[in-house]
Amino acid sequence: METRGSKKMVAMETTIKNGRRSNRERKMGLIQDVDELKRKLRHEENVHRALERAFTRPLGSLPRLPPYLPPHILELVAEVAVLEEEVVRLEERAVNFRLALYQEAVYISSNWNAENLRDSMDQNSIKIFFPK
């Protein structure tokens with residue numbers, strides 16, 4: 001019986017050792033997973049900060065983008081920068097057109113008023129010279 005009991009003890013010790021080894025391996029795997037997730041989080045935070053800087057930059061300045069951004073993001077940010085500049089240029093043109101239109105309206109209005117004033121003066125002078 002002793003041999004049976006000692007075999008069971010050896011088997012239990014082996015199971016315990018294997019369980020400890022398995023727990024240790026799982027723990028190491030989890031630590032590696034956490035480290036990898038932390039690395040990915042730092043990368044995502046860096047990308048976020050870079051994009052935030054790119055979209056809050058003053059107009060007229062080109063965005064400075066770090067090389068670790070994926071190429072498709074670099075292309076999109078560059079395209080957005082070009083489009084923003086184009087929108088600003090078009091807005092300036094629209095303001096200039098409105099100003100020119102306003103000035104033209106003032107000019108036409110002042111000419112029309114001057115003509116009406118002249119006409120009324122001419123009619124008044126005719127009345128003065130030729131009263132009814």
Mind checking the CD-CD spacing from Glu86 to Glu91? Nearest 0.5 Å is all I need.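 Spacing of CD (Glu86) from CD (Glu91) equals 11.0 Å.
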Atom CG in Asn111, atom CD1 in Ile108: separation rounded to 0.5 Å? 8.0 Å
Above 12 or not: heavy atoms from other molecules or residues under 6.0 Å from CD of Glu36? yes
Within the supplied structure, the quantity of interest is the number of heavy atoms (other residues, nucleotides, ligands) at a distance under 6.0 Å from Arg89 CZ; does it exceed 12? yes
same_hphob_cluster([X], [Y]) at 4.5 Å side-chain heavy-atom cutoff:
X	Y	answer
Tyr68	Leu51	yes
Leu65	Phe55	yes
Leu69	Val80	yes
Val82	Val87	no

Grab the two heavy atoms, one from Pro66 and one from Leu74, that are nearest each other, plus how far apart they are. O-CD2, 4.0 Å
Quick one: does [X]'s side chain get under 4.5 Å of [Y]'s, heavy atoms only?
X	Y	result
Glu79	Glu75	no
Asn23	Arg26	yes
Val95	Arg98	yes

Asn96 and Arg93 side chains, donor-acceptor separation under 3.5 Å: no
Evaluate the criterion side-chain contact (heavy atoms from CB on, under 4.5 Å) for residue pair Gln32 and Asp35; output intermediate values, then yes/no. CA-CA 5 Å; Gln32 288 173 350; Asp35 289 343; 5.6 Å; no
Pair Glu45-Arg42, salt bridge (charged side-chain N to carboxylate O under 4.0 Å, His left out): steps then yes or no: CA-CA 5 Å; Glu45 288 172 338; Arg42 277 192 303 276; over 6 Å; no
